Number of protein chains: 2
Amino acid sequence: MKAIEQAYDVFEDRCPTRLVLDRLADKWALLILDRLKSGPVRFNHIRRDIKGISQKVLAQTLRKLERNGLISRTIFPTVPVTVEYALTPLGRTLTDTVSALTHWAEKNMDAIFAAQRAYDEAYAD
Amino acid sequence: MKAIEQAYDVFEDRCPTRLVLDRLADKWALLILDRLKSGPVRFNHIRRDIKGISQKVLAQTLRKLERNGLISRTIFPTVPVTVEYALTPLGRTLTDTVSALTHWAEKNMDAIFAAQRAYDEAYAD
DNA sequence: TCTCCTTGGTATCTATTGGAAACTATCTAA
DNA sequence: TTAGATAGTTTCCAATAGATACCAAGGAGA
C-alpha cells in the first residue's frame, strides 16, 4: 500500500499533480487560504482584509479553490444575500504548510531585500 | 526583540512581503527549489528534469531566485561553459516548506480530482 | 418616491506574462 | 563541415492579471 504514495511525481510533465501545483502556487490563493484559517469569512470581508485584491481575481480564485475542494461556499438568503467561504477538511490539511510559507516570507524579508540590493549593485551597468 | 517578528503583515497591500510572496508563489520556482534540494545542478540538467519548462522561463525564474538570494550561480570556465545552480543557506531554510507543498499536492491529488468531478457535475448546465 | 448604500458578483478593456520555437556564440568530436 | 553540447536571448502569439464600470435585489434616509 505504501508504494501508492509515490505514484505521482511533480517533476513529470504529464503528471496531474502539476495541475494541482498550478492552482496552489498562486499568491492570492495562498493569502486567501491563510485568511480563512481562523474561520468562515464573507466575500467583501476577504476583499477588505486582503488589501489590493480586485473583485475579479478574488471571485476567480475563490471559485478555483472551491472547485478543488479546498474551500466551501455557503449562501445565506439574508438581505442582501450573504455568502460565506470556509476551509473544508481537505483545505485544513493545507493551512499549516501555507502559513509556513507566508510566515517564512515575513521573517526573511530583510535577508531577501539585502540580497536584492547586492544583486542589483553587482549587475548594474 | 520578539515584537520585530511581526513587523510585517502579508495582508497589507503596501507590505513588502507581498513582493516576496509574489516571487515565491510560482509553480516553476517551487519546482526548481525542490529540484536543487539534493545538490547543485546545471541549467540543461534542470531543464531536462523539470519536464515541460521552457528555456526562457527557466532562465527568468533562475534569475529571480538568484536575485532574491535563494540560489547561487557559479560559472566554470570549462568547454563548453558550465553553470551550476545551488541553494544558498537562505534558500535551504525554505526547502522544507516547499517540499511540504509539492508533496501535499502528490498525496492529495485523488481527493482534489474527486472534488473537481463533483463540482463540475453540480454546476454543469 | 427617489436616491444611495449594501450584498456578491460579471463584463470589458488593456497591460503584462507565459509558452513555443528559432536564433546566438563557442568549442568538440565525427 | 556538419552535428552536437553548453547556456542562454529573441521573437511572436495567446492567455492571464488588474483596473474599472456595471448589474440586480433590497433597505434606509430624505
Side-chain angles (χ1 to χ4, degrees), chain A residues 11-15 18-19 21-32 35-36 40-68 71-86 119 122-123 125, chain B residues 11-15 18-19 21-32 35-36 40-68 71-86 119 122-123 125:
Chain A
F11 293 120
E12 274 302 320
D13 192 15
R14 295 165 50 196
C15 177
R18 276 287 185 80
L19 300 171
L21 201 61
D22 242 341
R23 270 149 193 82
L24 251 80
D26 167 50
K27 179 181 61 168
W28 299 123
L30 293 179
L31 286 170
I32 291 171
R35 179 63 194 80
L36 291 182
V41 193
R42 281 178 299 104
F43 186 90
N44 277 329
H45 199 144
I46 301 176
R47 193 181 141 214
R48 278 189 293 267
D49 281 358
I50 301 181
K51 310 225 165 62
I53 194 168
S54 72
Q55 285 185 308
K56 191 184 88 172
V57 171
L58 177 55
Q60 279 177 352
T61 309
L62 287 170
R63 207 130 301 138
K64 272 198 315 190
L65 291 173
E66 188 198 354
R67 180 166 182 267
N68 287 276
I71 64 173
S72 63
R73 181 173 181 272
T74 314
I75 303 171
F76 296 97
T78 54
V79 94
V81 68
T82 299
V83 179
E84 224 175 57
Y85 292 92
Y119 182 97
Y123 290 88
D125 36 56
Chain B
F11 293 120
E12 273 303 319
D13 192 15
R14 296 164 49 194
C15 176
R18 277 288 183 81
L19 299 172
L21 201 61
D22 242 343
R23 270 148 192 82
L24 254 91
D26 167 50
K27 179 181 62 169
W28 298 123
L30 293 179
L31 286 169
I32 290 171
R35 180 63 194 80
L36 291 182
V41 193
R42 283 177 297 106
F43 185 90
N44 277 328
H45 200 143
I46 301 175
R47 193 181 141 216
R48 277 189 293 267
D49 281 358
I50 300 181
K51 310 224 167 62
I53 194 168
S54 73
Q55 286 186 308
K56 188 183 89 172
V57 171
L58 178 54
Q60 279 177 352
T61 308
L62 287 170
R63 207 132 300 140
K64 271 196 318 188
L65 292 172
E66 188 198 355
R67 178 165 183 267
N68 287 275
I71 64 172
S72 63
R73 181 172 181 272
T74 314
I75 303 171
F76 297 97
T78 53
V79 94
V81 67
T82 299
V83 180
E84 225 176 58
Y85 293 92
Y119 182 97
Y123 291 87
D125 35 57

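Note that the structure is predicted; figures quoted are calculated from it, not measured. Letters A, B, ... are given to chains in the order of the sequence lines, protein chains preceding strands, and every chain is numbered from 1.
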query: Taking the side chain as C-beta and beyond, is there a heavy-atom pair between Thr82(A) and Arg42(A) under 4.5 Å?
result: yes
field: Residue pair Ile75(B) / Val81(B), side-chain heavy-atom distance below 4.5 Å
entry: yes
Acceptor/donor pairs from residues 54-66 of chain B side chains to any protein atom, 3.5 angstrom cut, sequence neighbours excluded:
from     : atom 1 : to        : atom 2 : distance (Å)
Ser54(B) : OG     : Val57(B)  : N      : 3.2
Thr61(B) : OG1    : Val57(B)  : O      : 2.6
Glu66(B) : OE2    : Tyr123(A) : OH     : 3.4

query: Contact boundaries of DNA chain D with chain A (under 4.0 Å, heavy atoms), 5' to 3'?
result: dA17(D) to dG27(D)
message: Heavy-atom nearest nucleotide on DNA chain D for Lys64(A) versus Ala59(B): which residue maps closer to 5'?
response: Ala59(B)
- prompt: What are the bounds, 5' to 3', of the part of DNA chain C that sits under 4.0 Å from heavy atoms of chain A?
  reply: dT6(C) to dT12(C)
field: Touch class at under 4.0 angstrom, heavy-atom based, for Tyr85(A) against every strand present
entry: sugar-phosphate
task: Over all heavy atoms of both residues, which pair between Pro40(A) and Glu84(A) is shortest? Give the atoms and the distance, please.
output: CB-OE1, 3.4 Å
task: Identify whether any heavy atom of Arg47(B) sits under 4.0 Å from a base atom; if not, whether one sits that close to sugar-phosphate; answer base, sugar-phosphate or nothing.
output: nothing
task: Select from Glu84(B) and Lys27(A) the residue whose nearest nucleotide in DNA chain D is closer to the 5' end of that strand.
output: Glu84(B)
query: Roughly how far apart are Arg48(B) CZ and Ile53(B) CD1, rounded to 0.5 Å?
result: 13.5 Å
query: Looking only at heavy atoms, which two atoms of Arg73(A) and Tyr85(A) are closest? And how far apart?
result: NE-OH, 3.1 Å
Contact check, side chains of Ile46(A) and Leu36(A), non-hydrogen atoms, under 4.5 Å: yes
message: Within the structure provided, determine whether Thr74(B) and Val83(B) are in side-chain contact (heavy-atom separation under 4.5 Å).
response: no
